[in-house]
Amino acid sequence: AIETAGPVHIDPATTSETWSFVLDSWSQRSMQGPSNTFAAARPGGALARAAPSALMAKNVSRSSAQGPGRSPASGMMRLKQRLRASGASESAGKRLANQASTPGSGRVYAAGQELSSEATPSSINRHAAAVTAPSSNDNGMGVYGESLMQEDILKNWKDRFGDEPRKGSDVLVQCLEREGVDTLFAYPGGASLEIHQALTRSETIRNILCRHEQGEIFAAEGYAKVTGKVGVCIATSGPGATNLVTGLADALLDSVPLVAITGQVPRKLIGTDGFQETPIVEVTRQITKHNYLVMNVEDIPRIMKEAFYLARSGRPGPVLVDIPKDVQQTLCLPNWDDPVNLKGYMSRLPKPAKLDELEAVVEAVKQSKRPMLYVGGGCVDAYPELAEFVEKTKIPVVQTLMGLGAFSEQDPLALQMLGMHGTVAANYAVHEADLLLAIGVRFDDRVTGKLEEFAARARIVHIDIDPAEIHKNKHANIAICSDSRSALRGMNQLLDANPLEKSAFAEWFSEVDGVRKEHPDAYPTRDDVIMPQQAIQVLYEETNGEAIVSTGVGQHQMWAAQYYKFSKPRNWVTSGGLGSMGFGLPSALGAAAAFDGRDGRPKKTVVDIDGDGSFMMNCQELATVAVENLETKCFILNNQHLGMVVQWEDRFYKANRAHTYLGKSEAEWHVSKEEKDIFPDFVKLAEACGVPARRVMHPDELRGAIREMLDTPGPYLLDIMVPHIQHVLPMIPGGGSFKDIITTGDGEDEY
């Protein structure tokens, strides 16, 4: 029998049901129907959008699920009966039933039930169709290394409740323990209070209390990006849950493994516009890889296993689990052996690349004269295999913003970043290549510019774990849907058996190296002000290139990508696809929590290279790093402006300033040169939070100040004043091509 604990009233019929609902977000975005109402998403998950041929309202009872041959009408009757038994409001039930029976609107199905046999890979979400072979990064903490440690975790795990019933919140926390979670980021509220109480009963999980839910999800992303493990964050219902939205979208676009847990109002209040009730499953439908509404406490162990598996498998991404407060308070005896039921998802996972497929790639390499490797974030955990492949072929390498560190930038064959703010040599090489090996990339618009002119002379080989990316933006002559690591291993085997001439591409490399020497990264030097590029160069020298670097979004982000050379994977933490300002400090906080040197964890220097505009968006996390005493160094390039927007104003809007100045209205520091006119005063802000801080304004002060920052234990803020007229160069204007590349000029010029 199921019992309840705490001040909550539950219909026994609800808790005796053996069903929970899952939001099926495995639908192509091009096939989305009109937005569903909150009531349609509650109670019990949401209506999933899928290919029209697969849309059918399904009975929500797992024991009597309607099969493909069952009558939709009979299924709807049982659906309505279940809704009444759950205590849902009549109006909510009607809206759900009506939407479920409307062609093209979606469907409801039980957790673990397979998709219709009519659903095809083209009708599922872009993230739901890939898996890779077990692997780990060079830190031994990779995504798949994590799963390999699972058996050891479970062997050593002990149930502190024995065979006694416990609350759903305790079951949830124990699930996190069984997944190997030792650090998470959670902010309490009324609907998640039970979870926080349960966390205090865990001896192995620590919570980092960020000062804003957006800060906590960015911190979870930072933690995941540097470790390869699944990041975990928890928020309450309503505004707490909606504050996670930007982070979920960010994690989706950057393929970050993340599990976000939200509290929800009690089941009887769902659909009634209760206090702090928001339809977070519905709100996050298109910005999560998958999400769940847990309607039965007994489903928590299975759902959490599925959530972590979905987050880390295939193309990683965020999974949201929404748990009503009364479910958290319900007592139960958990079944830890309840198996995951993801047959539909797993049946579509790509297999490792076949040798006959890879033979075509190797043959294309041998026939080419000017091959190029274009690698992205999908190669971060294929670092050793990629280095081996480059060693065997001597093919030059360009990297995306997300791929920095996947191949050492110290290697002579590394031409560094390509794209809008990539090097001249990188963009030239891709433009002139006759073969482009695109591995773990998605042909993003900031890389390609004008698509029809990107690599127009080249045959294209596209290897990616996500089938939805193949041919999406750029047609591939050879397309392989596979994990990059297994593909590179296979090609290395083929090259071992039939090696290339070591000098096969020597003439081609000499050509691109000549372009690199002719157009090196360069910036004007001055002895009266600190140039932002100079500041990053000195930081790189003082850290020996070994720091973990996070960034906000803007000019400072691009300069960090250009002037801090990464030789290892997972040392670079940035918001790429979404471009979320305010990402730098909280993500650095998450990275520092992973490498704080405590409880057997290694210790690494973490530096947030940030801009003043981006930093202000989550500056409240200074309080978090101070209280937690995390080794988070805030390295602010302060130009008193939204620098990247100013650059576009200079270039394309005749330098007309449209709300891009962030300083005082009555006095501008760049004009007065008076320190009192710098606004806001980041040094005082840091000191208010108990964080040591310093400001530098002259080049002679720079190196000593950076050394002081690095040598000071705990957090530190260094405010570096830089001119606002500097532009990030090179630059290919949006929608342009290599022939449009800009290499000179700044805000003092007229355009």
Side-chain angles (χ1 to χ4, degrees), residues 1-11 14-15 17 20-21 43 111 157-209 213 216 220 230 232-238 240-241 244 259-270 274-277 280-281 291-308 319-336 338:
I2 305 295
E3 300 176 3
T4 61
V8 64
H9 303 284
I10 307 175
D11 185 339
T14 305
T15 56
E17 290 296 332
S20 67
F21 292 82
W157 184 80
K158 293 183 180 179
D159 190 340
R160 56 184 168 276
F161 294 95
D163 57 359
E164 295 295 320
R166 75 292 311 263
K167 288 184 178 183
S169 56
D170 285 298
V171 175
L172 174 68
V173 170
Q174 288 185 295
C175 288
L176 297 176
E177 293 173 352
R178 289 169 62 85
E179 291 292 337
V181 175
D182 59 10
T183 301
L184 53 75
F185 308 86
Y187 198 95
S192 64
L193 185 61
E194 291 284 351
I195 300 172
H196 282 263
Q197 290 295 308
L199 283 169
T200 66
R201 294 188 279 274
S202 174
E203 296 181 354
T204 59
I205 298 178
R206 64 168 176 163
N207 176 40
I208 305 293
L209 179 62
E213 289 91 353
E216 76 174 45
V230 176
V232 179
C233 62
I234 303 173
T236 191
S237 64
L244 299 180
V259 170
I261 300 165
T262 51
Q264 184 53 271
V265 298
R267 285 169 290 185
K268 280 195 172 183
L269 293 180
I270 290 175
F275 177 66
Q276 290 193 333
E277 178 192 9
I280 198 61
V281 165
N291 52 17
Y292 294 84
L293 172 63
V294 182
M295 296 297 283
N296 188 329
V297 69
E298 292 179 347
D299 287 326
I300 292 176
R302 174 185 54 79
I303 285 175
M304 293 308 297
K305 280 190 283 188
E306 291 179 2
F308 274 81
V319 177
L320 180 132
V321 181
D322 195 30
I323 311 178
K325 186 170 183 177
D326 59 326
V327 175
Q328 299 171 34
Q329 294 172 323
T330 302
L331 294 175
C332 77
L333 282 171
N335 177 12
W336 302 121
D338 197 5

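If you read the sequence from its start, that first residue is 1, and numbering goes on from there.
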Just so I know, are the side chains of Ile280 and Leu244 near enough to count as touching, which here means a heavy-atom distance under 4.5 Å? no
Please step through side chain to side chain donor-acceptor pair (under 3.5 Å) for the pair Ser202 and Glu177, ending with a clear verdict. CA-CA 8 Å; Ser202 174; Glu177 293 173 352; 2.6 Å; yes
Over all atoms of both residues, closest heavy-atom pair of Asp170 and Ala198: OD1-CB, 3.4 Å
Distance check, rounded to the nearest 0.5 Å: Arg302 atom CZ versus Asp299 atom CG? 4.5 Å
Are Phe308 and Leu176 packed together at the side-chain level, in the sense that at least one heavy-atom pair is separated by less than 4.5 angstrom? yes
Drop me the distance from Gln328's CD to Ser192's OG, to the nearest 0.5 angstrom. 7.0 Å
Are Leu209 and Tyr187 side-chain neighbours, meaning at least one heavy-atom pair lies under 4.5 Å? yes
In short, Leu331 meets Pro165 closest at the heavy-atom pair CB-CB, 4.3 Å
Applying side-chain contact (heavy atoms from CB on, under 4.5 Å), name anything that partners Pro301, two or more places apart in sequence or on another chain. Val171, Cys175, Pro334, Trp336
Just by modelled atom types, is the Asp159 backbone N or O under 3.5 Å from a matching donor or acceptor in the Gln174 side chain? no
How long is the gap from CD on Gln329 to CD1 on Ile323, to the nearest 0.5 Å? 12.5 Å
Can you see which heavy atom on Cys233 is nearest to which on Glu216, and at what distance? CB-OE2, 3.6 Å
Which heavy atom in Gly168 sits nearest to a heavy atom in Val297, and how many Å separate them? CA-CG2, 3.5 Å
Of all residues at least two apart in sequence or in a different chain, which pass the side-chain hydrogen bond (donor to acceptor under 3.5 Å, both in side chains) check with Gln276? none
Taking atom NZ of Lys167 and atom CD of Glu194, what is their separation to the nearest 0.5 Å? 3.5 Å
Is the side chain of Arg160 donor-acceptor paired with the backbone N or O of Lys158 at a distance under 3.5 Å, no angle test? no
Go through the structure and list residues passing salt bridge (Lys or Arg N to Asp or Glu O under 4.0 Å) with Arg178, not counting sequence neighbours. none
Check whether any side-chain heavy atom of Arg201 sits under 4.5 Å from a side-chain heavy atom of Val173, and report yes or no. no
Roughly how far, to the nearest 0.5 Å, is OH of Tyr292 from CE of Met304? 10.0 Å
State, yes or no, whether a side-chain contact exists between Ile261 and Leu184 at a heavy-atom distance under 4.5 Å. no
Quick one: list whatever passes side-chain contact (heavy atoms from CB on, under 4.5 Å) with Asn335, sequence neighbours left out. Asp337, Asp338
Mind checking the CD-CD spacing from Gln264 to Glu277? Nearest 0.5 Å is all I need. 6.0 Å
Suppose we screen for side-chain contact (heavy atoms from CB on, under 4.5 Å). Which residues come up paired with Asp182, at least two apart in sequence or across chains? Tyr223, Lys229, Arg601
Evaluate the side-chain contact (heavy atoms from CB on, under 4.5 Å) criterion for residues Leu172 and Val294: first the C-alpha distance (whole Å), next the side-chain angles of each, then the deciding distance (0.1 Å), finally the verdict. CA-CA 11 Å; Leu172 174 68; Val294 182; over 6 Å; no
Using side-chain contact (heavy atoms from CB on, under 4.5 Å) as the criterion, list what pairs up with Ala191, not counting sequence neighbours. Thr236, Ser237
